[in-house]
K.L.:
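Here it is, the structure in full.
If you're wondering where the values come from, they're calculated on a predicted model, not measured in any experiment. Below, chain A is the first sequence line, B the second, and so on; all start at residue 1.
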Amino acid sequence: MLVIKDLKVSIDGLEILKGIDLEVKAGEVHAIMGPNGSGKSTLASILAGRDIFNVDSGSVTFNGEDLLEKSPEERAKDGLFLGFQYPIEIPGVSMVNFLKTAINEMRKHRGQQPLSASEFLKKMREKKDLVEIDSSLTSRSVNEGFSGGEKKKNEIFQMAMLEPKLAILDETDSGLDIDALKVVAKGVNNLKSPDNATIVITHYQRLLDYIIPDYVHVLYKGRIVRSGGKELALMLEEKGYDWVRNEEVKL
Amino acid sequence: MNTITKATTLKDHFLNLFRENAGVISANSAPFLNRFREDAIARVEQAGFPVKGSEDYRYADIESVFRNDLHHIFGPRNIDLNVREIFHCDVPDLETSLLLLVNGRYYGNGKQLNKFPDGIIAGSLARASVEYPEIVRKHYNSYAGKSKDGLVSLNTAFAQDGIFIYVPEGVKADKPLQIVNIMISDNDLMAQHRNLFIAEKGAEVKIVICDHSLSAHRFLTNSVNEVYTGEDALINLTRIQNEHNGASQITHSYSHQEARSNLTASTISLHGGFIRNNVFVTLNGEHAENHSLGLYLSDKGQYIDNFVFIDHASPNCFSNQLYKGVLDDFASGSFNGRILVRRDAQKTNAFQSNNNILLTDDAKMYSRPQLEIYADDVKCSHGSTMGQLDDNALFYLRSRGIEYKEARLLLMFAFAHEVIQNIKVEALRDRIDDLVNKRLRGELSRCNNCAMQCG
């Protein structure tokens with residue numbers, strides 16, 4: 001589904017990603033872990049199409065097509081979703097208008113008719129229940145005045161509505177209490193299917209108690225320094241990131 | 001010195017125009033309105049025309065829109081048309097009492113003044129000054145007459161008619177009164193009408209003014225509104241400026257508010273080549289509340305200028321100015337908002353905010369907030385912003401599959417909606433939402449079957 005080969009990325013001449021290789025197949029859940037400043041969020045942003053970075057070399061294909069030459073909206077229509085670490089507040093744009101526009105743009109892309117008002121509301125009700133988002137939130141402006149937890153739940157809600165093939169969740173767990181964390185994890189697990197895949201980016205192992213990854217990758221200083229199964233996350237939790245740093249010194 | 005010579009020429013032109021036509025002007029108006037003309041033209045002679053760069057007209061080039069070759073219609077109406085046939089308002093569900101103003105004159109189809117069962121009187125100001133002299137006398141030129149602006153005096157000297165609306169004490173108008181102000185002519189034309197709106201103690205009324213131009217000529221309007229909001233009265237006044245881009249419009253609004261009155265006046269400027277709106281509000285009684293709102297969407301070479309002056313003459317009053325605009329292409333504009341808090345106006349709450357989005361490097365906006373405070377126990381704030389659309393918000397929308405162009409529109413629309421949501425006539429608010437949406441999309445924002453292709 002997603003194939004990243006030797007991806008090197010910089011911003012203002014500063015190299016942030018120094019050669020990333022990663023392959024994600026349908027049905028898989030990958031966790032990318034790493035200390036602050038290791039390049040996790042840059043990787044997420046570059047995949048979603050943020051244009052403040054320079055791709056120096058390497059390639060990314062999504063379902064066989066070159067991802068990097070596409071605009072953010074084309075990527076979204078192809079089925080890529082980014083759950084933002086810091087969701088943006090957009091006063092004046094209602095959640096309903098926002099989601100309706102997004103869904104119908106995607107349907108148009110797939111050659112489908114736009115959803116009718118009642119179909120849309122029905123879908124919204126179903127997905128709201130799925131991610132346990134407070135009903136009143138969807139009648140407000142996008143993220144405006146939402147608490148940290150509500151914003152993160154709203155990301156999962158949008159993911160549920162848009163039904164992406166590949167969801168990249170950028171530190172969706174940061175700043176969440178344990179109850180909100182469970183809700184987010186439940187949402188992700190409920191949406192899991194053999195046809196889609198998820199990349200969970202996180203600093204802590206905590207989230208991985210609820211979302212069980214098939215693979216764990218450790219990102220450090222712009223490189224994936226280790227990959228393994230879910231036990232790698234437990235090892236990190238036990239030994240801390242210093243262990244990775246020491247490993248690197250040995251390398 | 002060049003500008004002064006030009007101003008003198010312009011002034012002389014209008015002084016001559018008045019001298020040559022004084023008889024016709026008076027003969028086709030009403031005796032009461034005629035009483036003010038000589039004094040007003042003397043004031044024009046004294047004050048002259050506003051000069052660009054002067055304190056109150058810093059950026060507005062008034063001289064550029066006053067041309068010597070504009071026609072004037074002072075005689076009996078020489079237009080023979082069925083306005084109701086060429087114009088119909090298609091705002092859905094907007095049930096209003098329609099008042100037509102054609103080239104500055106009330107167009108009543110034979111009936112110059114309407115008296116509704118609830119006591120509301122609406123129609124021609126000239127006619128009202130004859131039938132209800134005691135009402136008109138009390139208010140006409142009482143508020144605008146104090147102005148030192150030569151353009152206001154010019155209006156007083158030339159104005160022959162306009163719309164008169166009277167809502168008696170305690171009467172709550174059950175449907176909005178809609179004034180459709182049309183410019184239509186066979187040649188380039190200037191018109192100066194005069195409106196007088198009165199809401200007596202405890203009265204409530206919603207008034208909508210729609211400015212349109214129905215023929216492809218250069219038009220210039222120099223109009224004055226006087227608005228009296230009595231004690232505990234409530235007026236919601238919405239003006240939609242949608243003339244074509246060859247038309248110029250200068251409006252002067254003088255509002256006088258008594259104790260506990262509430263006036264919300266919104267001006268939505270969609271099209272029009274040159275627009276200058278002067279808004280003067282006097283809060284004359286305690287606990288009066290004023291909301292002055294403006295939304296302007298300008299592109300190409302449009303010029304939009306809002307000048308607002310709120311005079312807190314009494315304690316415990318509230319005022320809020322909210323002006324927002326989107327400027328595209330090489331459009332330019334100005335906002336000047338002044339709050340005056342007089343020495344005795346303690347416990348004043350006065351707020352002002354002007355936010356602008358400039359879509360191109362060539363679009364220009366000048367914003368001048370001014371506070372003049374002589375009382376010591378007041379709460380005042382002002383803020384002005386210039387900016388582009390938020391890149392982070394744009395990326396967020398695009399990352400959900402929304403096209404760049406659509407994402408921009410969503411953000412601009414959201415920006416504009418803050419002003420629109422204050423409009424209290426629901427059907428009109430929805431319609432304005434729709435018009436603004438179309439305007440932002442660059443589609444023609446016609447709200448009638450107007451022949452003009454603005455845009």
Side-chain angles (χ1 to χ4, degrees), chain A residues 44-53 70-110 140-144 151 154-155 157-159 161-165 167-168 170, chain B residues 266 268 293-297 322-326 353-357 359 383 385 387-423 426 429-430 432-441:
Chain A
S45 296
I46 204 91
L47 292 176
R50 193 78 218 243
D51 59 3
I52 55 173
F53 304 99
K70 295 191 176 190
S71 67
E73 54 269 33
E74 285 170 327
R75 298 177 197 204
K77 286 174 190 169
D78 287 344
L80 190 131
F81 177 89
L82 171 65
F84 281 61
Q85 183 178 3
Y86 303 108
I88 312 294
E89 296 195 14
I90 312 180
V93 176
S94 72
M95 278 298 297
V96 169
N97 195 13
F98 164 61
L99 281 172
K100 211 178 193 170
T101 309
I103 283 180
N104 285 336
E105 291 255 0
M106 294 203 181
R107 291 181 68 87
K108 196 166 84 187
H109 180 69
R110 293 186 213 124
R140 287 163 44 184
S141 289
V142 178
N143 292 322
E144 193 189 24
K151 282 182 183 167
N154 191 21
E155 295 294 289
F157 172 59
Q158 289 172 44
M159 178 175 113
M161 288 293 284
L162 298 173
E163 299 168 331
K165 293 192 187 111
I168 303 161
D170 187 8
Chain B
S266 326
I268 315 292
L293 312 160
L295 172 66
Y296 39 96
L297 308 169
L322 174 65
Y323 279 77
K324 298 184 87 170
V326 180
S353 146
N354 174 227
N355 310 112
N356 301 284
I357 290 179
L359 294 176
T385 61
Q388 285 80 42
L389 294 172
D390 180 355
D391 277 341
N392 291 324
L394 266 178
F395 178 66
Y396 191 74
L397 293 172
R398 294 175 74 194
S399 78
R400 299 302 182 243
I402 299 172
E403 292 287 338
Y404 176 68
K405 204 174 153 232
E406 195 63 34
R408 266 169 60 110
L409 284 166
L410 268 177
L411 292 180
M412 285 193 272
F413 185 73
F415 177 80
H417 189 72
E418 197 192 345
V419 175
I420 303 168
Q421 69 190 8
N422 285 287
I423 293 168
E426 204 176 316
R429 187 175 57 228
D430 294 346
I432 291 176
D433 263 343
D434 187 40
L435 281 176
V436 165
N437 196 358
K438 280 190 181 145
R439 178 72 181 89
L440 290 170
R441 284 171 191 278

K.L.:
By a 4.5 Å heavy-atom criterion (distance strictly below it), what part of N143(A) contacts chain B: side chain, backbone, both, or neither?
P.N.:
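Side chain only.
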K.L.:
Taking all non-hydrogen atoms of both residues, which atom of P91(A) and which atom of A414(B) are closest, and how far apart?
P.N.:
O-CB, 3.4 Å
K.L.:
Are any non-hydrogen side-chain atoms of E89(A) and N392(B) less than 4.5 angstrom apart?
P.N.:
no
K.L.:
Side chain from CB out, backbone as N, CA, C, O: work out which of these in P164(A) comes under 4.5 Å of a heavy atom of chain B, or both, or neither.
P.N.:
neither
K.L.:
If I take atom CZ from residue R50(A) and atom CG from residue D391(B), how far apart are they, to the nearest 0.5 angstrom?
P.N.:
6.5 Å
K.L.:
Pick one of side chain, backbone, both or neither for F413(B), based on which atoms fall under 4.5 Å of a heavy atom in chain A.
P.N.:
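Answer is neither: F413(B) stays 4.5 Å or more from chain A.
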K.L.:
For E155(A) and R400(B), run salt bridge (Lys or Arg N to Asp or Glu O under 4.0 Å): C-alpha distance rounded to whole Å, both residues' side-chain angles, the deciding distance at 0.1 Å, then the answer.
P.N.:
CA-CA 11 Å; E155(A) 295 294 289; R400(B) 299 302 182 243; 2.7 Å; yes
K.L.:
Where on Q421(B) is there a heavy atom nearer than 4.5 Å to chain A: the side chain, the backbone, both, or neither?
P.N.:
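Interface part for Q421(B): neither.
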K.L.:
Write down the atom of G49(A), the atom of F395(B), and the distance for their closest heavy-atom approach.
P.N.:
C-CE1, 3.6 Å
K.L.:
What residue in T101(A), I52(A), D78(A) has the most heavy-atom pairs under 4.5 Å with chain B?
P.N.:
T101(A)
K.L.:
Is it the case that more than 12 heavy atoms not belonging to F53(A) sit under 6.0 Å from its CZ atom?
P.N.:
yes
K.L.:
Using a cut-off of under 4.5 Å for heavy-atom pairs, which of P72(A), P87(A), S141(A), A102(A) has the most such pairs with chain B?
P.N.:
P72(A)
K.L.:
Would you call E403(B) and K77(A) a side-chain contact if the rule is heavy atoms closer than 4.5 Å?
P.N.:
yes
K.L.:
Give me the ring orientation class for F84(A) and Y396(B): parallel if the planes are under 30° apart, tilted from 30 to 60°, perpendicular past 60°.
P.N.:
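F84(A) vs Y396(B) ring planes: perpendicular.
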K.L.:
What part of E74(A) gets within 4.5 angstrom of chain B, counting heavy atoms only: side chain, backbone, both, or neither?
P.N.:
neither
K.L.:
Measuring from N97(A):CG to I402(B):CD1, what's the distance to the nearest 0.5 Å?
P.N.:
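Rounded to the nearest 0.5 Å, the CG-CD1 separation comes out at 8.0 Å.
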K.L.:
Nearest heavy-atom pair of S399(B) and A76(A): which atoms, and what distance?
P.N.:
O-CB, 3.3 Å
